[in-house]
2 protein chains.
Amino acid sequence: MTRIAESTVRRLSHYYRVLEEVEAEGGRLISSHRLAQREGITSAQVRKDLSYFGSFGRRGLGYNVVHLRHEIRWILGLDRRWRVALVGAGNIGTALLSYRGFAQQGFEVTAVFDRDPSRVGQRVGDLVVQDVSRLAAVAAEQAFDMGVIATTLASAQQVADALVAAGVRGILNFAPRKLFVPAHVALRTVDMAVELESLSFALSQARGPRRRVPGRGGSGGGR
Amino acid sequence: MTRIAESTVRRLSHYYRVLEEVEAEGGRLISSHRLAQREGITSAQVRKDLSYFGSFGRRGLGYNVVHLRHEIRWILGLDRRWRVALVGAGNIGTALLSYRGFAQQGFEVTAVFDRDPSRVGQRVGDLVVQDVSRLAAVAAEQAFDMGVIATTLASAQQVADALVAAGVRGILNFAPRKLFVPAHVALRTVDMAVELESLSFALSQARGPRRRVPGRGGSGGGR
DNA sequence: AGTACCGTGTGAACCTTTTCACAAGCGACC
DNA sequence: GGTCGCTTGTGAAAAGGTTCACACGGTACT
């Protein structure tokens, strides 16, 4: 079996979301075409994505909504609970805790850490913020599967190292920096600055491509 | 000139970040190789990315840090101010307001809206939260360039429509849903649920690929 | 049971992005 | 001023992802 493309996995998440909605609306069957429409992509893409994992549809009919949702649930590993350690109890951390689909899809934040003494001891949701120095000790008890880094830029790599040492196999990083982790640890980074800058680039395209200075390349000094 | 790949633009953001750091450290020149190392990619990628926009380096020497940073700054459109409307003053919205690099890179949030009456009138940062119904009126005065959607799932599309009507050319969406906007409006979506599910998938791969049921394809009823 | 219609699953074609590999430019040193 | 070592910029090759297009399987209706 070929390695599954990251883009395929992300679309699977979207299909899952659509299927939840369709199921709530009472739909029993859905065609790749309708599924695609709701995501703004092509039906061939949907069928190809699903085909990497099996044959879930019926020709001439489409996909059974409940069945397909369960299959994707299994594929994405949402049929189990993941113990998540959250590091950083600021706005982003708090946002995540109250995020729909977070607890709901099996991501269970079982501990929250922060470095700031003014935050340690505070309640967020059902949890009490602990000092980040306790990470290793708590991990020994709770065996976290994943860690979320919602700290400042400065401590991000350090926290990542601590999480890896604590045995997590996946990290979701909100700090705007490239983190280095061992190959056996999965890393996803959400960088709002990059997203904004990508928008900024798109909006700037209106003024036309970079005018190339006629003469020699660039640089200009550096002495 | 070929269309620039989204992935190239995102890497440009990262290069920019590295260059800021290197400049702060006092480095004057940097080779594509060193730049690549700090991002965990190959030097050919760096050179190719930059080559889409011009020739900024000097053979045998590398890139002038200050110069290259300025070029990328220009390319990404960070040399100007963008007026941003923030809709949704919850955790994510607030997080964005206090985000480093947000105001710093020229993204100026000039108004904050929310639907919740308990939030309207409150201060966040330097701004007072206004009712979302005032969006059109405020937009007429302030001419927003971009909008950020940090609302609940339910109102996201509605807010997107309102932002488009208000004349924004770019939208950053944090709601976990596919939004539909006209082609002339750039859209970027940050979906934390997708990121988590992608991690979940990666961690689940350990248990091996989906065991295919020997018999017929799937479905199982649907009557 | 035959015909008409529909929609999946998938090899092949196509397109995009990344990586390779090397000619050519540049500074340093003799 | 010639040689050496280093690094860019870029065509060409490779890899990766998406779209096409159609054979095949299935339902519905007569």
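Every chain is numbered from 1 and lettered A, B, ... according to where its sequence line falls, protein lines coming before strand lines.
- Within the 4.5 Å cutoff, side-chain heavy atoms of A:Glu21 are placed close to those of A:Arg38.
- Nucleotide D:dA13 holds its C1' atom 11 Å from the NZ atom of B:Lys48, rounded to whole Å.
- Side-chain nitrogen and oxygen atoms of B:Arg58 include at least one within less than 4.0 Å of the OP1 or OP2 phosphate oxygen of C:dG27.
- With sequence neighbours excluded, the residues that form a side chain to side chain donor-acceptor pair (under 3.5 Å) with A:Thr110 are A:Gln142.
- Note: CG (B:Asp49) to P (C:dT17) measures 11 Å, nearest angstrom.
- When each of C:dG9, C:dT19, D:dG9 is scored by its nearest atom to the side-chain atoms of A:Tyr63, the top-ranked nucleotide is C:dG9.
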Under 3.5 Å, which N/O atoms of the protein pair with N/O atoms of nucleotides 21-24 of chain D?
unit_1	atom_1	unit_2	atom_2	d
D:dA21	N6	A:Arg47	NH2	3.4
D:dC24	O2	A:Arg59	NH1	2.8

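- Across the protein-nucleic acid pair, A:Leu50 atom CG and D:dT18 atom C1' stand 15 Å apart, rounded to whole Å.
- The interatomic distance linking A:His33 (NE2) with C:dT8 (P) rounds to 10 Å, in whole Å.
- Contacts between residues 6-14 of chain A and DNA chain C, counted as heavy-atom distances below 4.0 Å, involve no residue at all.
- Place A:Ile41 and B:Gly60 on DNA chain D by their nearest nucleotides, and B:Gly60 ends up nearer the 5' end.
- Using a 4.5 Å heavy-atom threshold, the side chains of B:Tyr15 and B:Val46 count as touching.
- A:Ile4 places its CD1 atom 12 Å from the P atom of D:dT18, with the value rounded to the nearest Å.
- At the phosphate of C:dT17, neither OP1 nor OP2 sits under 4.0 Å from any side-chain N or O atom of B:Tyr52.
- Between A:Leu76 and A:Val9 there is a side-chain heavy-atom pair separated by less than 4.5 Å.
- Look at A:Ser31 and you won't find any side-chain N or O under 4.0 angstrom from OP1 or OP2 of C:dG7.
- Checked by atom type and distance alone, the side chain of A:Trp82 pairs as donor or acceptor with a backbone atom of A:Gly77 at under 3.5 Å.
- Note on A:Ser32: every side-chain N or O is 4.0 Å or more away from OP1 and OP2 of C:dG7.
- As a whole-Å value, the separation of B:Gln45 CD from D:dA14 C1' is 14 Å.
- Using a 4.5 Å cut-off on side-chain heavy atoms (C-beta onward), B:Gln37 and B:Ser43 make no contact.
- At a threshold of 4.5 Å between non-hydrogen side-chain atoms, the residues B:Val164 and B:Pro182 count as touching.
- Between the side chains of A:Asp49 and A:Thr8, at least one donor-acceptor pair of N or O atoms lies under 3.5 Å.
- What separates CD of A:Gln37 from C1' of C:dG7 is a distance of 14 Å, to the nearest Å.
- Side-chain atoms of B:Ser155 never come within 3.5 Å of backbone atoms of B:Gln158 as a donor-acceptor pair (strictly under, hydrogens ignored).
- One atom, CZ of A:Phe56, and another, P of C:dT8, lie 14 Å apart when rounded to the nearest Å.
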